[in-house]
Every structure is written in C-alpha cells, then in structure tokens.
Amino acid sequence: MSNSLFLALSGGVGGAKLALGLAHALPQEQLRIIVNTGDDFEHLGLHISPDLDTVMYTLAGVANPETGWGRADESWNFLESLGQIGAENWFRLGDRDLAVHVERTQRLRAGESLSEVTARLCTALNLHVPIIPMSDFRVRTIVQTEGGELDFQHYFVRERCAPQVTGFRFEGAESAQPSPAFLATLSDPRLRALLLCPSNPFVSVDPILAIPEVTTRLAARSFPIVAVSPIVGGQAVKGPLGKMLGERGLPCDSVQIARYYKERGLLDGFIFDETDKKLEPEIAALGVKTFATRTVMTTLSDRTRLARETIAFAEKIA
Ligand code: FO1
C-alpha cells in the first residue's frame, strides 16, 4: 500500500545488507531505519557509532566491501602513526572514516543530539532514507564474561570475541528514551510492520528492545513484527552469534532465534533460509507464520529481492 510505513531495526554489517535492500524496495517516505547504538564507545577522545556508520556508509555506497564496516578506498596513515607513537591502535580507524568521528564528536560536544548529528551526516552523504539512532541517551552494551565485564568493542574487536560469555547488560537503557523520530514512527498510524533485520539478537537488537518505552509500545502494538534469521545452515552469517548460542548451551539454528523473540511476545512472522526448510514445522509450532527463501545476500539484487519478499510477507500477515 502506498501510504504504508515500515520500520526496520538494524545492527551493523548483517542488518545493513537488508536495510540497503529495503531502501531499494521502498520509496524513502515509507521506510525508517532504527540503528543500535549500544555498540557506541568513546575511543581516543572520539565518539564512535559503529553500527550507525555501517548502515550510513552501506546505504551511501561508500562502505568497505571486504569488511562491511568502515569506508571503501581507505588509507591508514592515522592508524600507523598511532602505532609509531605507542598509542592504542587495536580499533582500526581509517583516514576517511576518521572525518565522521571527529565531526560527530565535536557536534555532540557543542550540544547537538545524536539524532541531529546523524541526520546532518546523512544529508552530507546524500542519503534520503531516514537513518535514526535508537536513542539520544547513552546506552552501552556490556558483555559479561567468565573473566569479568567488558565494554562491547573491547570484547568484540580487542579480544576478538574470545572470552566465554555469560550474559549481557545494557547500561543506561533503563532510563533511556527512544529517539524522537523512533517514538514518532512507533505512534504513526501508517506503521504497517516492524522488521527485525538479520542482526545478532543478543547484542544488536536487544539493546534497542531494552529501552522501556520501546517494550511498552511493542507490547501494545497493532502491527506485526517480522524477523529475518541471521543463521543459515547451522552457522551465523556473520560474527559471534553461533559462539554466543553455544555458550548458552543452545544449538546454532533458526529455531533458537524465532523462540528467543517469540518467548517475549516479539514475533509474528519469521523468514529463514530455504536450506533450513526442515526446521519449518518446529518454527511454526511456536505460533509464528513462516516463510523460507534464500536469505544469503551477496549481491544488491539478493538484498532487494529479500527486502521485497520481507515486505510482501509482512503485508500478508498484517
Ligand atoms: N570491527 C573489527 O572487527 N575490527 C575493527 O578494527 C573495527 C573498526 C571499526 C571502525 C569503525 C567502525 O565504524 C566500525 C569498526 N568495526 C571494526 C566494526 C564494528 O566494531 C563491529 O562490526 C560492530 O560494532 C558490530 O556490529
């Protein structure tokens, strides 16, 4: 329907692929992309928002195609110079990427909100689809490990996800508010469906869902929630999700993802890979509508096709 609105929740690299497809499949006024900021951190005096930047660069067509994060055609003079003077260089900040972190940091320090700064950066990158931080409040994902607590980027990048994970907490979430544009979209009568991109549920989607006002709005929703599984054939498409499931004593499969969202009343429809078709009865038995298709997104046409199928499926169950 031409006046329908779709709200997508995304983390970094995996989520950004579907977000790009959605941006191709829908007119800009019918899409809002809410991005996890639990991964944000302060590093070398800079405010870094990795997932916001990944989504922004991906949609602007300037993302590094090898890593999925950071910028294409990057140079590393700043990073090398940091190493030469014995400064911390475990977090790879490229020269081009650095410009965004410096600009964001100084605007935040001057009193602009993260939403305002993000909108300004998107305009500068000629992006018209709204890319919206989940909150303008400080929320930080803390990884609880056998050896103690770690900030997310210390766990993810510096420690290369090696520590055994025992849990997560989202510092600041309990007193955070959703960003103004997120809140406005949740109350928009045109909202047709909430789409959970194929991101890690524990560290990319949960920080968004941990904001109390989001939980309250979603419990009273009149639109369906449709998730796209981040697992294909017993393996997480990207990142430490498989390892995290194993550390909870759970198998790495799409049933676990569907169950995880459904147990909290946050799932109406579930899209998973066609190679996992045998799991369909188990997923359907949870009481969710199912749709099996090719979810591996290699090319732009894969992304756009999966986005169109996701929208059609959500429309059907709305
Ligand atoms: N991920 C890495 O694995 N190593 C890095 O050195 C790294 C640097 C980096 C710099 C800027 C940025 O926006 C993202 C960066 N990422 C890096 C990705 C990021 O930390 C993670 O992919 C996300 O936080 C998880 O979604």
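Values below: every heavy atom of this structure, side chains too, minus hydrogens, waters and symmetry copies. Just so you know, ligand 1 is whichever comes first in the structure, and atom 1 is the first atom listed for that ligand.
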Original post:
So, does T105 use its side chain to make a donor-acceptor pair with the main chain of H47 at under 3.5 Å?
Top reply: yes

Original post:
Does D95 have any side chain to side chain contact (heavy atoms under 4.5 Å, CB included) partners at least two apart in sequence or in another chain, and if so, which?
Top reply: E74, S75, N77, F78

Can you give me a line-by-line list of nitrogen or oxygen pairs between ligand 1 and the protein shorter than 3.5 Å?
| unit_1 | atom_1 | unit_2 | atom_2 | d |
| --- | --- | --- | --- | --- |
| ligand 1 | 1 (N) | W69 | NE1 | 3.3 |
| ligand 1 | 6 (O) | R92 | N | 2.9 |
| ligand 1 | 20 (O) | Q153 | OE1 | 2.8 |
| ligand 1 | 24 (O) | D39 | OD2 | 2.7 |
| ligand 1 | 24 (O) | Q153 | NE2 | 2.9 |
| ligand 1 | 26 (O) | D39 | OD2 | 3.2 |
| ligand 1 | 26 (O) | D51 | OD1 | 2.8 |

Subject >> Worked verdict on F152 versus F168 for ring pair (Phe, Tyr, Trp, His ring centres under 6.0 Å) >> reply: CA-CA 9 Å; F152 183 76; F168 306 97; 8.2 Å; no

Original post:
Distance-only, no hydrogens or angles: does the R169 side chain make a donor-acceptor pair with backbone N or O of V143 under 3.5 Å?
Top reply: no

Original post:
Short question: side chain of S135, backbone of Q177 - any donor-acceptor pair under 3.5 Å?
Top reply: yes

Original post:
Charged N to carboxylate O below 4.0 Å: is that the case for R120 and E112?
Top reply: yes

